[in-house]
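Treat the numbers as computed from the prediction; the structure is a model and nothing was measured. A, B, ... follow the sequence lines: proteins, then strands. Residue 1 opens every chain. Reckoned from all heavy atoms, side chains included, excluding hydrogens, waters and symmetry mates.
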Number of protein chains: 2
Amino acid sequence: MGGGDVPKQTFFNLELERRQAIIKAAVEEFAQLPFEQASLTKIVEKCGIAKGSMYQYFEDKRDLYLYVVDLAYEQKRDYVRKAFEKGGDIFSVLEEYYLESYSFARDHPLFHQVANKFWDSKAEALQSELEKGRLSRSHDFAQFLDDAMTQGKVNKALDPEAVFFVYHAVGKELVDHFDQGQSAQFLKKVLDVLRLGLTTRREEV
Amino acid sequence: MGGGDVPKQTFFNLELERRQAIIKAAVEEFAQLPFEQASLTKIVEKCGIAKGSMYQYFEDKRDLYLYVVDLAYEQKRDYVRKAFEKGGDIFSVLEEYYLESYSFARDHPLFHQVANKFWDSKAEALQSELEKGRLSRSHDFAQFLDDAMTQGKVNKALDPEAVFFVYHAVGKELVDHFDQGQSAQFLKKVLDVLRLGLTTRREEV
DNA sequence: CGAAAAGGTGACTAGGTGGTCACATTTTGG
DNA sequence: CCAAAATGTGACCACCTAGTCACCTTTTCG
């Protein structure tokens, strides 16, 4: 989630307390509403600074938003990184990945909502950022899947693009529903559906 | 998608031409922007009627919106119905279903966008309508899946809720991407992933 | 000390929104 | 034919938005 212009230097010169108050208010607002509907006015009111001050720290609303989204993904990376470090086959890595995402959502619900809502943004001003994020994700997964297919872990007859498509869809839906208390049990069952497929297998797995 | 208050009688007393102009303008607006961001002012300007007139025909913005969404789903039903009439096993019905959805999106791109955007609505005023729609969908699918499992077409070891979850996620993503020119070929491949699962099968299918 | 630079401010602008209402026009029907 | 009912209208209301800028305060530093 590469930021655009990121905050100006003045923002980092701020006392910690003030900086944190701004971040807190912004995170709360952007967790509740998508970019287009979130209100900068409400943010400055919530953290008690003047409207004009905000424009000393950030170029505009988009700049503040992308900074907050960046913060959220920084936090999230600390969690999901563990899944890749542990290693194992593609299925155990994916399970670990979603388990870590789940922990992140539980430990940092506001950051989780911010990160998640980001992908639904329709605003013109965000489309290039979204495209960047999507490309980097699909590239990472393609690499990962390619290895698993070469190793014979994943059915070579499948279309890699279609596999990515399915995983992307299910992953997004999973993460979307973390707020609403989806259990780790259920996560396992969803991944089973993907692993095994719908039709009954004659072999034992 | 049961409407709320539906249009007032005055709307149906209107000359066809005027009524169609209103529908056309509303569909165009709601196809482009989600409910919250769509502008009633722009709609009345586009179809050349007075703001006040709109409130003679509809209770409010939500009422007009739900009417348009209803129209879209009426059209869509005419397409997807064919999938169920044809019969066949669960896999062929689902393939037919998405093929029909695809045709609908191609024939009525604006209606398709309206129907699709509906599910992303975050507005408080629409949540009860959304819940209604979701419940009726999941009920229909549950029935369908239950039969397929009883007949042994679908692996009985899978969790039905997890299967629904996966199908719902993938279905939504498929339909979302119809605008961007997804081919029938690709659709088949995505359904293959669901049918067969990721891990290689020892038996031939 | 004092001047210049940096930081803070909130009233203000311009532009939107959904919804209303007193009034004008048209249609209906006794 | 005329009154009453139905319909059409757009200026207007209250409320919101992102962003600006002239002015004030604080900090820096020669």
**Q** Should A:Lys132 and A:Glu129 count as an ion pair when the cut-off is N to O under 4.0 Å?
**A**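 A salt bridge is present here (some side-chain N lies under 4.0 Å from a carboxylate O).
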**Q** Mind running a 4.0 Å heavy-atom check of residues 40-47 of chain A against DNA chain D and sending the residues that fall below it, in number order?
**A**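 By residue number: A:Leu40, A:Thr41, A:Lys42.
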**Q** Just the table, please: protein N/O against nucleotides 9-11 of chain D N/O, every pair under 3.5 Å.
**A**
from, atom 1, to, atom 2, distance (Å)
D:dT9, OP2, B:Arg18, NH2, 2.9
D:dT9, OP2, B:Ser53, OG, 3.1
D:dG10, O6, B:Gly52, N, 3.4

**Q** Does the plane of the ring in B:Phe84 sit parallel, tilted or perpendicular to the ring in B:Tyr97? Use 30° and 60° as the thresholds.
**A**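 Rings of B:Phe84 and B:Tyr97: perpendicular, as their planes differ by over 60°.
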**Q** Rounded to the Å, how far apart are A:Phe58 CZ and C:dG8 P?
**A**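 Taking atom P of C:dG8 as the reference, CZ of A:Phe58 is at 13 Å.
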**Q** If you measure from CD on B:Glu95 to CG on B:Asp192, what distance do you get to the nearest 0.5 Å?
**A**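 Spacing of CD (B:Glu95) from CG (B:Asp192) equals 8.0 Å.
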**Q** Heavy-atom contacts under 4.0 Å between residues 10-17 of chain A and DNA chain C, which residues?
**A**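 Contacts with DNA chain C under 4.0 Å: A:Thr10, A:Asn13, A:Leu14.
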**Q** Take the angle between the ring planes of B:Tyr67 and B:Phe11 and call it parallel below 30°, perpendicular above 60°, tilted in between.
**A**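 Rings of B:Tyr67 and B:Phe11: perpendicular, as their planes differ by over 60°.
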**Q** Just checking, any donor-acceptor pair under 3.5 angstrom between side chains of A:Asp63 and A:Tyr57?
**A**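 Judged by distance alone, the side chains do not pair up.
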**Q** Could you tell me whether A:Glu96 and A:Lys86 have a side-chain N and a carboxylate O separated by less than 4.0 Å?
**A**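 Answer for the salt bridge query: yes.
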**Q** Do we see a donor-acceptor contact under 3.5 Å between the side chains of A:Asp89 and A:Ser92?
**A**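 Yes, A:Ser92 and A:Asp89 have a side-chain donor paired with an acceptor closer than 3.5 Å.
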**Q** Kindly indicate whether a cation-pi arrangement holds for A:Arg106 with A:Phe104, taking the cut-offs as under 6.0 Å to the six-membered ring centre and within 45° of the axis.
**A**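 No, cation not above the ring by the 6.0 Å, 45° rule.
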**Q** Calculate, to the nearest 0.5 Å, the distance between atoms CG and NE2 belonging to A:Leu71 and A:His108 respectively.
**A**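 One gets 12.0 Å once the value is rounded to the nearest 0.5 Å.
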**Q** Mind checking if B:Ala125 touches a base, just sugar-phosphate, or nothing, with heavy atoms under 4.0 Å?
**A**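 Result for B:Ala125 = nothing.
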**Q** Could you check whether the rings of B:Tyr65 and B:Phe30 sit parallel, tilted or perpendicular, using 30° and 60° as the cut-offs?
**A**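 It falls in the perpendicular class, over 60°.
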**Q** Measure from NZ on B:Lys8 to C1' on D:dA6 and round the result to the nearest Å.
**A**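 Checked: the NZ to C1' distance equals 13 Å.
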